[in-house]
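Before any comments, here is the structure.
A note on names: the letters A, B, ... follow the listed sequences, proteins ahead of strands, and every chain is numbered from 1. Basis for what follows: all heavy atoms, side chains included, without hydrogens, waters or symmetry-related copies.
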2 protein chains.
Amino acid sequence: MVINKSTYKDYVVAHVYERLQKGELNPGDQVLESRLATELGLSRAPIREALQQLVGDGLLTYKPQVGNFVAALSPKEIIDAYVTRGLLEGFAVAEALEGFTEEDLEDLEEYCLQMEKHARRGKQKELIEIGTEFHHLLFNKSNNIQLIEYTQRLSHKLHLLFYKHWASLYTPEEIRDRHQALVCVLRRKERPLVEQALREHYNETGQKVARFYNENEEGV
Amino acid sequence: MVINKSTYKDYVVAHVYERLQKGELNPGDQVLESRLATELGLSRAPIREALQQLVGDGLLTYKPQVGNFVAALSPKEIIDAYVTRGLLEGFAVAEALEGFTEEDLEDLEEYCLQMEKHARRGKQKELIEIGTEFHHLLFNKSNNIQLIEYTQRLSHKLHLLFYKHWASLYTPEEIRDRHQALVCVLRRKERPLVEQALREHYNETGQKVARFYNENEEGV
DNA sequence: GTCTCGGCAAATGTCGACAATCGACATCCG
DNA sequence: CGGATGTCGATTGTCGACATTTGCCGAGAC
């Protein structure tokens with residue numbers, strides 16, 4: 001593109017994101033370099049770079065001499081990923097606990113209500129957006145760069161892979177309550193509680209997503 | 001090459017690792033693609049792939065249109081990285097707490113003694129090796145793939161960047177005691193204690209490394 | 001003396017073509 | 001008929017050349 005002064009790589013990455021979100025690329029599918037190249041009117045070089053980055057982010061898996069495939073996580077791997085995210089985000093939030101102002105907390109509570117509203121009306125896109133914003137606000141208070149980087153990566157990965165199912169996992173009330181509970185714990189300013197709460201938050205979701213996949217289709 | 005059926009990329013990655021360990025590449029140095037290419041008798045394509053992987057692992061940083069540079073962490077970033085590793089490894093070990101047999105624990109204690117011995121005799125290479133083995137045995141008991149992957153990456157990064165200083169941070173007795181303390185805590189089989197112990201273990205080391213760098217040279 | 005502008009060298013970004021490898025199908029032999 | 005083997009198409013791996021961008025350096029104006 002022109003707007004982004006940087007290279008084609010990011011453009012390709014964005015394109016693949018989109019394909020993933022639209023469901024045009026599903027777990028297990030092979031991602032062909034030449035196909036993407038002709039699609040985007042580029043040579044294979046920038047495509048390969050983009051794909052490699054996606055592999056690094058865990059969205060694709062790479063088999064040498066064979067190709068890149070959309071990551072297909074087993075139920076166990078799904079749970080693992082969510083558990084790990086809970087660990088990272090829990091710690092990040094705990095580290096930044098003192099940094100949360102009353103205003104922040106009220107913003108978060110407002111998000112809870114909005115999430116419920118959007119969920120109730122079936123506005124999936126807005127729901128996702130607010131949800132992302134919610135957690136973003138949470139772990140971005142931390143100033144541990146390394147921690148944030150890993151959290152972002154994992155968050156991004158889970159977001160793209162399980163994007164579609166968010167609305168079918170919990171009822172609108174559950175969504176609201178679960179997130180309000182987090183804000184509640186945040187208010188108490190006790191590190192271990194905060195860590196524990198976020199771990200459980202993601203642990204539950206991981207279990208649900210994994211069960212969902214187990215029922216609907218066999219992963220891997 | 002022939003012995004390794006996989007691609008040149010891994011070969012290049014290994015080569016850069018070596019250069020880093022030997023101190024031929026230092027933080028801040030630019031890593032030139034064409035230079036590596038002629039050095040290894042390859043074209044720039046596999047070099048670029050390898051460098052990109054190294055960027056993903058955090059060993060290099062990448063400036064678009066400019067090049068790749070050996071990561072130069074600020075003191076804060078050094079501490080952050082160690083803290084994060086403590087978080088990950090602490091959790092991984094805690095998760096696998098029941099999996100540690102008495103035999104494992106005795107092996108670990110044996111490692112402690114060997115580390116002290118090698119440190120005392122100035123055998124840096126062996127010291128590093130055992131140290132790596134020690135922590136490897138610790139977090140590899142976990143079966144959380146995602147967690148292990150991140151831990152490995154971070155471990156690898158810190159290993160390569162601060163490899164050289166290990167022996168100068170602690171006395172041989174301290175090295176032994178610090179690791180024996182970990183085994184001790186492991187024996188008690190109490191999750192929170194284990195997590196806490198590993199966090200502190202790496203926190204301390206991070207502080208030391210950061211201070212070391214602050215005194216000897218200005219990072220970044 | 002300092003600042004600005006323009007051009008030059010060097011490095012990265014991209015391209016199209018060729019080589020090596022893998023998977024699948026067809027074929028051959030027991 | 002079943003399993004091993006050879007061949008073919010498709011895809012990735014690698015290459016060398018070209019395009020573009022960056023940062024430096026020096027000439028010239030103020």
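- Positionally, the nearest nucleotide of DNA chain C for B:Val31 lies more toward the 5' end than for the other of B:Val31 and A:Val66.
- Between the P atom of D:dG13 and the CD1 atom of B:Ile47 lies a distance of 15 Å, rounded to the nearest Å.
- Every residue meeting the ring pair (Phe, Tyr, Trp, His ring centres under 6.0 Å) condition with B:His165, not counting sequence neighbours, appears here in chain and number order: B:Phe212, B:Tyr213.
- B:Gln52 places its CD atom 14 Å from the P atom of C:dT12, with the value rounded to the nearest Å.
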Shorter than 3.5 Å, N or O on both sides, protein versus nucleotides 15-18 of chain C: list them out with atom names.
{"residue": "C:dC15", "atom": "OP2", "partner": "A:Ser43", "partner atom": "N", "Å": "2.9"}
{"residue": "C:dC15", "atom": "OP2", "partner": "A:Ser43", "partner atom": "OG", "Å": "3.2"}

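- Residues satisfying the salt bridge (Lys or Arg N to Asp or Glu O under 4.0 Å) test with B:Asp104, not counting sequence neighbours, are B:Lys141.
- Atom pair B:Tyr62:OH and D:dT22:C1' shows a separation of 13 Å (rounding to whole Å applied).
- Regarding contacts with the backbone of D:dT12, a side-chain N or O of A:Gln30 is found under 4.0 angstrom from either OP1 or OP2.
- Summarising the geometry, the separation between CG on B:Asn68 and P on C:dG13 is reported as 8 Å, rounded to the nearest angstrom.
- Legend: residues meeting ring pair (Phe, Tyr, Trp, His ring centres under 6.0 Å) with B:His159, ordered by chain and number and at least two apart, are B:Tyr163.
- Note on B:Arg48: a side-chain N or O is less than 4.0 Å away from OP1 or OP2 of C:dG13.
- B:Leu36 places its CG atom 14 Å from the C1' atom of C:dT12, with the value rounded to the nearest Å.
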Mind listing the N/O atom pairs, protein and nucleotides 6-8 of chain C, below 3.5 Å?
none

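- The ring pair (Phe, Tyr, Trp, His ring centres under 6.0 Å) test applied to A:Tyr62 returns no partner, not counting sequence neighbours.
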(message) Checking B:Arg199 against A:Glu195 for the salt bridge (Lys or Arg N to Asp or Glu O under 4.0 Å) test, could you report, in this order, the C-alpha distance in whole Å, the side-chain angles of both residues, the deciding distance, and whether it holds?
(response) CA-CA 14 Å; B:Arg199 288 186 188 186; A:Glu195 283 202 53; 2.8 Å; yes
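- Counted within 6.0 Å of CD on A:Glu24, heavy atoms from surrounding residues, nucleotides or ligands total more than 12; the atom is thus considered enclosed.
- Across the protein-nucleic acid pair, A:Leu60 atom CG and D:dT12 atom C1' stand 15 Å apart, rounded to whole Å.
- If you measure from atom CG of A:Leu40 to atom C1' of C:dT14, you get 14 Å, rounded to the nearest angstrom.
- Every pair tested for side-chain hydrogen bond (donor to acceptor under 3.5 Å, both in side chains) that includes a residue from residues 123-134 of chain A fails, sequence neighbours excluded, so the list is empty.
- The separation between A:Glu49 atom CD and C:dT12 atom C1' is 10 Å, rounded to whole Å.
- Within the 4.0 Å cut-off from OP1 or OP2 of C:dG13, not a single side-chain nitrogen or oxygen of A:Tyr11 is found.
- For B:Phe91, there are no ring pair (Phe, Tyr, Trp, His ring centres under 6.0 Å) partners, not counting sequence neighbours.
- In this structure B:Glu89 satisfies the salt bridge (Lys or Arg N to Asp or Glu O under 4.0 Å) test together with B:Arg85, sequence neighbours excluded.
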